[in-house]
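First comes the structure, then the notes that go with it.
The figures that follow rest on heavy atoms only: side chains count, while hydrogens, waters and symmetry mates do not.
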Amino acid sequence: MASSPAPSPAAPPLLLAALAALAVVASASAAACSAGDRDALLAIRAALSEAHLGVFSSWTGTDCCTSWYGVSCDPTTGRVADLTLRGEADDPVMAPAGRPASGVMSGYISDAVCRLGRLSSLILADWKQISGPIPPCVATALPYLRILELPGNRLTGEIPRSIGSLSRLTVLNLADNLIAGEIPSSITSLASLKHLDLTNNQLTGGIPDDVGDLTMLSRALLGRNKLTGAIPTSVGSLTRLADLDLAENGLTGGIPDSLGGAHVLTSLYLGGNRVSGRIPASLLQNKGLGILNLSRNAVEGAIPDVFTAESYFMVLDLSRNRLTGAVPRSLSAAAYVGHLDLSHNRLCGSIPAGPPFDHLDAASFASNSCLCGGPLGKCT
């Protein structure tokens, strides 16, 4: 019997994609849902309540790998690999009318989640009313966890102290909760961590001095907490760090000179702290830095006059500090300065003419000691 001809090398890409999809479906059917994992999922569901969107309406039958919403399994073992439930979503299940859905879920995160021993990602995001603590066993019983996202809820308690045990973790997002306590010292053991977001919680204490050990970190968002102490010098050794947000805390001390050497840093938010000392010249010379907000601190001294044709600031906010001296004339050489705010300082002298000063209004320079010129009117 003659064998079927092989697919033509010129087969359309859509046909090849369809064949690949069929192969995935076929392999997925090779392993049924683990009974233990199914029981753990049902225990997780029992601790949560969501009545409006019917997120859990598909969680019926014995095979949790096939059609349970938000659940994905390893096709070879049948073990649950991903649990992803987002309260803000635009997929066909959550938003059948095509409009993004906004759900509300209450209850708590059951420690039954720790029985999902092969879990790679755990995402319970933006449900607004999920409360209680993060089960401490998450940090010790889920060694394969790569993504832990629990933002936009009402979680309380502390970050599990053993969080550093999750050696594969690349994303830790606990933003917009009510989490208190200190940042665990073990967090700096997360050698694979790329994205850290603890924004808008009630965290206290200092930033770990050895935060520079997180060599893979590209985003560190710790704004709107109650953190105190100095900004660790080691943060400047994070060679992959692109975004650093420490705004609206109680941080003190100076701005580390080392931040000026963070060559891929594009945004730095330090506003609303008690940072003092001078602005490092290297920080303003950083060619990649496009957003710099140092507002509402106690920064003093002159603004370093070190801008060049490679300076490109979408936002440069130095307002509400104790800056003295003149407006740097080298700002005229900058390639671009979008939003500039030097108001509420102790600056004096004439505002330079030409760009970027000719497109700014008086509010950018208001409440200084003796500035004049430009939008403030002629010097007398």
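Side-chain contact, Asn200 with Asp176: a donor N or O sits under 3.5 Å from an acceptor N or O. Using modelled atom types, one finds no donor on one side chain facing an acceptor on the other under 3.5 Å when comparing Arg219 with Ser267.
Salt-bridge annotation for Glu50 and Arg45: absent, with no side-chain N of the basic residue lying under 4.0 Å from a carboxylate O of the acidic one. A salt bridge links Arg79 with Asp37; the closest basic N to acidic carboxylate O contact falls under 4.0 Å.
Hydrophobic clustering places Leu376 together with Leu318 (ILVMFWY residues linked when any side-chain heavy atoms are closer than 4.5 Å, directly or through intermediates).
A distance of 10.5 Å separates CG in Leu265 from CD1 in Ile291, rounded to the nearest 0.5 Å. Interatomic distance, CG of Leu259 versus OG1 of Thr233, reported as 9.0 Å (0.5 Å rounding).
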Would you be so kind as to tabulate the donor-acceptor pairs closer than 3.5 Å made by side chains of residues 363-373, with sequence neighbours excluded?
| residue | atom | partner | partner atom | Å |
| --- | --- | --- | --- | --- |
| Ser364 | OG | Leu340 | O | 2.9 |
| Asn368 | OD1 | Asn345 | N | 3.2 |
| Asn368 | OD1 | Arg346 | N | 3.3 |
| Asn368 | OD1 | Leu347 | N | 3.0 |
| Asn368 | ND2 | Leu342 | O | 3.1 |
| Asn368 | ND2 | Phe365 | O | 3.0 |
| Asn368 | ND2 | Ala366 | O | 3.4 |

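Under the side chain to side chain contact (heavy atoms under 4.5 Å, CB included) test applied with Leu222, the options Ile207, Asp197, Leu203, Thr199 reduce to a single match, Ile207.
Closest heavy-atom contact between Ile163 and Leu172: CG1-CD2, 4.3 Å.
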Quiz prompt | From CA spacing to verdict: disulfide bond (SG atoms under 2.5 Å apart), Cys114, Cys137 | solution = CA-CA 6 Å; Cys114 300; Cys137 59; 2.0 Å; yes

Quiz item: Checking disulfide bond (SG atoms under 2.5 Å apart) for the pair Cys33/Cys65: CA distance, chi angles, key distance, verdict?
Solution: CA-CA 5 Å; Cys33 171; Cys65 296; 4.4 Å; no

Practice problem: Let me see the working for Glu182 and Arg161 under salt bridge (Lys or Arg N to Asp or Glu O under 4.0 Å), right down to the final yes or no. | Solution: CA-CA 9 Å; Glu182 297 187 356; Arg161 294 190 177 277; over 6 Å; no

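Every residue two or more places apart in sequence or in another chain was checked for a salt bridge (charged side-chain N to carboxylate O under 4.0 Å, His left out) with Lys378, and none qualifies.
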